[in-house]
Amino acid sequence: MAVDGSVRVRFAPSPTGYLHIGSARTALFNVLFARANGGVFILRIEDTDQNRYVEDSVEDIKESLRWLGLQWDEGPEVGGSVGPYFQSERVGIYAEYARRLVETGHAYHCFCTPERLESLRQAQLKTGEPTGYDRKCRDLPAKEVNKLLAQGTPSVIRFKIPDDGATVFEDALRGKIKFENKVLDDFVLLKSDGYPTYQLANVIDDHLMGITHVIRADEWINSTPKHILLYNAFGWTPPVMAHLPVVLSQSGGKLSKRHGATHLREFRDKGYLPEALVNFLALLGWTSGDDREVFDWDELVQSFTLDRVGTSPAVFSYEKLDWFNGVHIRKLSPEDLADRCIPFLQKDGLVSTPVSQQEVTYLTKIIPLLQERVKFLSEISDLASYFFLDEITYSDPSLLVPAKMSAQETVNILRQALSILTSIDDFSEANIESGLRGLVDSLGLKAGQVFMPIRVAVSGRTATPGLFETLHVIGKDRVLSRMEKAIGVLLEKH
RNA sequence: GGCUCCAUCGUCUAGCGGCCUAGGACACCGCCCUCUCAAGGCGGAGACACGGGUUCAAAUCCCGUUGGAGCUACCA
């Protein structure tokens, strides 16, 4: 898609809750498009519904976008030349433009009560007619309108949809989309509380803010003809429209709580990397065209084009996201990974707050062993607990005993291993390995038969990183005392 | 109900008339590596929703059917 250097796009969430993962994807596509074209990304808060406003949602939206790495060039906090960027601070503008539309005959005052509208709707539903406003106030005489206005009768301003004809627009992803005007409703522009509806505010702001490309979710396709009509009424040229396919849940409907995390903050709390989320989200509807799947930010920006965005709905796959997370975790430097793990370890009390230098040093020795085994950061505490705990417990002492061996044989193995490990002064991986492998040979056993009891004795579990590295990191003193404890447990049991 | 969008393995997708006995990735299964678990390597199973056209030739173009989704508010 050829685009000049003056691209301006926006992400325009309404603060009705925490940032949804689907909205995050929309924001991502906007940012990618902006960055790929040297354009500007604007954040605009569409807070024109006083009833649905949720207190800390603006904070959450900003925080979540930043966490993902989607910093806006204009908008809240950073400002810009076409603000304010909160629609609630722009109500005067909308009222003025709505008034202008009334003057030019494109809109009219409507005095119908919500009650009348509701009963109208019910009646239409009953008879199977299409629902919609019956245009009762559309042709009210000016005198009557002025009288009602003067009396302070509550009213809204509605847009006059043309009686016939059709409204067509070119979607950048889907091509021509056509709507017969007669299926369009005389929609409300200005509510009785003086606030604009989305339809009005959106069009005015996109125009006033110089938006060149509207990249938004699929669900807006049906209101796009209304927007086009509005642009025409104002005498403005509409921006390029691109409607992204929706993201579905595994069961086919909208992504909901039932299937797992839905708000961005939940993904963050579970220990997903922003890199992984971005990579996964980008591939939900977009493809580079070759077989590449793993992208970092710069690679995405370099390869992103709008015309490679698909049109069919995509199911959100937590399994694939998990895989991406593992991939990106493995790409991190151990230091970086350690940094990111610290908050999770702190939460579980395995390191102190603030973390000490000693703990950081120790952590950077542990992390390389765990790096290819971690899928979410929140797993780190469980995977690493035995490195931090002074005392470990054996929830199931029988795990100490390898298959087809007796407890007594296991005790013997552990005792001999203990004496070998005790004799190693430089407790290095190499020394541990040669000592233990020597024991395996002299006993004429299989490696696993010797290593597994030691592994369980020292870690309390059957799955750990490589034994020699693990013993080395845990340290000689703790290794020896844990093995003694394990021997004690086995003897006590029999 | 009306309107609109969508339709390739279970999932994300490649494919834009012949390169397709349909390619890749996740998940799944098997083997290898191996002290366990991972990671990694190799291999396997697995899809063009259906019916009509158009064409020498269709997963690719057109129409219909079916299916799914979205919208249908003084919400966005």
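Model, not experiment: these values are computed from the prediction. First the proteins, then the strands, lettered A, B, ... as listed; each starts at 1.
Salt bridge A/D186/A/R138: present, at least one basic N to carboxylate O contact under 4.0 Å. Taking a cutoff of 4.0 Å between a charged side-chain nitrogen and a carboxylate oxygen, A/D290 and A/R292 qualify as a salt bridge. Note on A/D441 versus A/R437: no salt bridge recorded, every NZ/NE/NH1/NH2 to OD/OE distance being 4.0 Å or above.
Residue contacts for A/T224: at a heavy-atom cut-off of 4.0 Å it reaches no nucleic acid atom on any strand shown. Among the heavy atoms of the strands lying under 4.0 Å from A/T462 is at least one base atom, whether or not backbone atoms are also near. Nucleic acid contact class of A/R174 (heavy atoms, under 4.0 Å, all strands): sugar-phosphate only. Residue contacts shown for A/P114 include a base, since a base heavy atom lies under 4.0 Å away. Within the 4.0 angstrom heavy-atom criterion, only backbone atoms of the sugar-phosphate kind lie near A/F179; the bases stay farther away. Contact annotation for A/L321: no contact, since no heavy-atom pair falls under 4.0 Å across all strands. At a threshold of 4.0 angstrom between heavy atoms, the contacts of A/S192 include nucleobase atoms, whether or not backbone atoms are also involved. As judged by a 4.0 angstrom heavy-atom cut-off over every strand, A/R116 is placed among residues making no nucleic acid contact. Backbone-only contact: A/K254 has heavy atoms under 4.0 Å from sugar-phosphate atoms and none from a base. The residue A/P196 sits close only to the backbone: its heavy atoms come under 4.0 Å of sugar-phosphate atoms, none of a base. Among the protein residues, A/T464 comes within range of the nucleic acid bases, having at least one heavy atom under 4.0 Å from a base atom. Using a 4.0 Å heavy-atom distance criterion, A/G285 is classed as a sugar-phosphate-only contact. Within 4.0 Å of A/A463, counting heavy atoms only, lies at least one base atom of the nucleic acid. A/L467 comes within contact range of at least one nucleobase, with a heavy-atom separation under 4.0 Å.
B/rC31 and B/rU36 have their P atoms separated by 14 Å, given to the nearest Å. B/rG70 and B/rG51 are spaced 28 Å apart, taking the P atom of each and rounding to whole Å. For B/rU54 and B/rC12, the C1' atoms lie 33 Å apart once the distance is rounded to whole Å. Remark: the separation of the C1' atoms in B/rG15 and B/rA47 is 13 Å, to the nearest Å. The separation of B/rG68 from B/rU11, taken at their P atoms, amounts to 14 Å, rounded to a whole angstrom. Only the P atoms considered, B/rC56 is 45 Å distant from B/rC42, to the nearest whole Å. Taking the C1' atoms as reference points, B/rC50 lies 44 Å from B/rC32, given to the whole Å. Here, B/rC16 and B/rA59 have their P atoms 13 Å apart, quoted to the whole Å.
Side-chain atoms of A/V247 and A/P313, non-hydrogen and from C-beta on, never get closer than 4.5 Å to each other. With a 4.5 Å cut-off on side-chain heavy atoms, A/P13 and A/L43 count as touching.
Along RNA chain B, the nucleotide nearest A/G466 and the nucleotide nearest A/L283 are compared for position; the residue whose nucleotide lies closer to the 5' end is A/L283. Of the two residues contacting RNA chain B, namely A/I221 and A/D291, the nearest-nucleotide position lying further toward the 5' end is that of A/I221.
Partner assigned to B/rU60 is none, using Watson-Crick or G-U wobble distances below 3.5 angstrom. Across all strands shown, B/rG30 pairs with B/rC42; the Watson-Crick or G-U wobble distances both stay below 3.5 Å. Under the Watson-Crick or G-U wobble criterion, with both distances below 3.5 Å, B/rA49 is paired with B/rU65. Under the Watson-Crick or G-U wobble criterion, with both distances below 3.5 Å, B/rC35 is left unpaired in every strand shown. Within the shown strands, B/rG2 is the pairing partner of B/rC71 under the Watson-Crick or G-U definition, both distances less than 3.5 Å.
The line from CG of A/L300 to CD of A/Q302 is 9.5 Å long, rounded to the nearest 0.5 Å.
Geometrically, A/R158 does not engage A/F187 in a cation-pi contact, judged by NZ or CZ lying under 6.0 Å from the ring centre and within 45° of the ring axis.
Between A/Y108 and A/F159, the distance separating the two ring centers is not shorter than 6.0 angstrom. A distance below 6.0 Å separates the ring centres of A/F304 and A/F29. Between A/F388 and A/Y386, the distance from one ring center to the other does not fall under 6.0 angstrom. Here the two rings, on A/Y198 and A/W220, have centers that are under 6.0 Å apart.
If you walk RNA chain B from 5' to 3' and mark each nucleotide with an atom closer than 4.0 Å to a heavy atom of chain A, the marks span B/rG1 to B/rA76.
Within residues 322-337 of chain A, the residues that place at least one heavy atom under 4.0 Å from RNA chain B are, in residue-number order, A/W323, A/R330.
Shown here are the side chain to side chain donor-acceptor pair (under 3.5 Å) partners of A/D396, two or more places apart in sequence or in another chain: A/S398.
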